[in-house]
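First the proteins, then the strands, lettered A, B, ... as listed; each starts at 1. All of these numbers come straight from a predicted model, not from anything done at the bench.
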2 protein chains.
Amino acid sequence: MIKVVVVEDHPIMVEGLKNILRSDAGIEVSGAYGDGKSVLQALEKGQPDVILMDVNLPDISGVNLCGEVKKKYEDIKIIALSIHDEQPVIHSMLQNGASGYVLKNALGNEIIHAIYAIMDGEEYLCSSTKEALKNADMELLKAIPRITRREKEILQLIGKGLTTMQIADQLFISTHTVESHRKNLMEKFGVNNTTSVVKLASEYKLL
Amino acid sequence: MIKVVVVEDHPIMVEGLKNILRSDAGIEVSGAYGDGKSVLQALEKGQPDVILMDVNLPDISGVNLCGEVKKKYEDIKIIALSIHDEQPVIHSMLQNGASGYVLKNALGNEIIHAIYAIMDGEEYLCSSTKEALKNADMELLKAIPRITRREKEILQLIGKGLTTMQIADQLFISTHTVESHRKNLMEKFGVNNTTSVVKLASEYKLL
DNA sequence: AAAAGAATCCCGGAAAACAGGGGTTTTATC
DNA sequence: GATAAAACCCCTGTTTTCCGGGATTCTTTT
């Protein structure tokens, strides 16, 4: 009997998943949690074989949660569940130890397949995910950039529509410094204007 | 017996909704469709009392679908289902004839409440939605801006990270013209730089 | 504890975007 | 079929961002 824990903040979705998994005799849903904190607590008292984990949670990003869980309990297999098929998101999840990536528009039995596949030690990607990764070799693929505290702060202010000067005033630093951070953000995101940075940051839920 | 049709492109979500609605004796799910086109076709052969409609569909925006359905079948009540609680999205759905707006992180029985409430002729907003609308009087609230074909085209190119000159070259128009469109976009979105336009457009799924 | 690497800070000139003006052609509406 | 409104087009001067640098402090890693 494979023990599965669901981490997902949409109750209706949880209901759907439970229902689908119930239909398989070899799988047992041993718990469902709506945010990162409560799973981490629950895991201290006992571990499942597999965690089905939504990438977008209210309290912590799925990428980070995935990393934390894997650090503490390396035997637990993690399947990422997401609405998005952005390459960097997929890549970051896999780098952080996820064994599978399934889009939420997948059919129910795709999830069951995924569970059995990863219990066999395989890596499972749903068809749309594979499609998204097809013409990009995994080595060159860039993950979600790791940005610093200060950069994040500035990114958020830029996202609010403030100009460099307004940001400089607010943070009591020179406009040149703000521009320097702006430049580094463009560098890290691999683009050459702020607009693209904000667009990507918004896609990766960094704002 | 209240006949309900579900429009939602995530099969797992559909499964969850069906399961929840099944538990209520007065409600019957008479159909489920994954995109706008198939619902419109199905409606020609018979109408339900209520449509539970996801705002983000693969082929058409929920806002437009809502408008179309209401134009042809004004008696069908529509409840919008969404992950987002952005004011302009909520406002646009209600303006297009939706009678309810429920966030996907709502509990299952909230959906059932919503269905009964709107069948009684009420308007139903889930608690988080109400929260989002609280400090903004409905009159002043701005809807998602209506942008023209050309503007959309330019918005998308800007979103790709192209500069004004690159866009001008690609569309065989003057850079001045591109800047003019850019200006109008800022005007319509009520902001004063392109970055904010792209951020909002991305939130409203206009890209 | 030293070196390498990040992160935060600063500068000046070139290249864009922005603001505020005006004009013509489509598209609805009466 | 007139007319008003919207869409689309263009221009000039000012402001902001971009991009080439470089310096100093934190933080890791060895």
(message) Between D:dC18 and A:E179, counting only base atoms on the nucleotide and side-chain atoms on the residue, is there a donor-acceptor pair under 3.5 Å?
(response) yes
Contacts of B:S202 meeting side chain to side chain donor-acceptor pair (under 3.5 Å) (sequence neighbours excluded), chain-then-number -> A:S202
Whole-Å distance, B:E151 CD to D:dC9 P, equals 11 Å
Any ion pair linking B:E153 and B:R150 (charged N to carboxylate O, less than 4.0 Å)?
yes
What I'd like to find out is whether the side chain of B:K104 reaches to under 4.5 Å of the side chain of B:D54, using heavy atoms alone.
yes
Quick one: is D:dT17 close enough that its OP1 or OP2 comes under 4.0 Å of any side-chain N or O from A:T164? yes
Taking C:dA19, D:dC9, D:dC11 as options, the one with an atom nearest any side-chain atom of B:S174 is D:dC11
A:H181 NE2 to C:dC11 P, in whole Å, measures 14 Å
Testing D:dA6, C:dC10, D:dC19 for proximity to the side chain of B:R146, the answer is D:dA6
Judged by nearest nucleotide, the residue sitting upstream toward the 5' end of DNA chain D, A:N193 or B:N184, is B:N184
Ranking D:dC11, C:dC9, D:dC9 by distance to the side chain of A:R150, first place goes to C:dC9
When A:F172 and B:V191 are each assigned the nearest nucleotide of DNA chain C, the 5'-most assignment goes to A:F172
Among C:dC10, C:dA19, D:dC10, the one nearest any side-chain atom of A:H176 is C:dC10
Practice prompt. Name the nucleic acid region contacted by B:T175, choosing base, sugar-phosphate or nothing; use a 4.0 angstrom heavy-atom cut-off, strictly under.
Written response: nothing
Closest of D:dG20, C:dC11, C:dC18 to the B:M186 side chain is C:dC18
Between B:T163 and C:dA15, is there a side-chain N or O to OP1/OP2 distance below 4.0 Å?
-> no
Of C:dG20, C:dA17, C:dT8, the nucleotide closest to the side chain of B:K183 is C:dG20
Taken to the nearest whole Å, CG/B:L185 to P/D:dA7 is 11 Å
B:Q166 CD to D:dC18 C1', in whole Å, measures 14 Å
task: Look at the side chain of A:N64 and the backbone N and O of A:I60, then say whether any donor-acceptor pair between them is shorter than 3.5 Å.
output: no
| message | Check the phosphate of C:dA7 against A:T148, side-chain N and O only, distance under 4.0 Å to OP1 or OP2. Yes or no? | response | no
Closest to the side chain of B:K188, out of D:dC10, D:dA7, D:dC19, is D:dA7
On a plain distance test, is the side chain of A:S180 in donor-acceptor contact with the base of C:dC10 below 3.5 Å? yes
Query raised in the report: Closer than 4.0 Å, any side-chain N/O of B:R149 to the OP1 or OP2 of D:dA7?
Result: no
Between CG of B:L171 and C1' of D:dA7 the distance, given in whole Å, is 15 Å
Exercise for review: Taking only Lys NZ, Arg NE, NH1 and NH2, and the carboxylate oxygens of Asp or Glu, determine whether A:K188 and A:E151 approach each other closer than 4.0 Å.
Suggested key: yes
Does a side-chain heavy-atom distance below 4.5 Å link A:V89 with A:Y101? yes
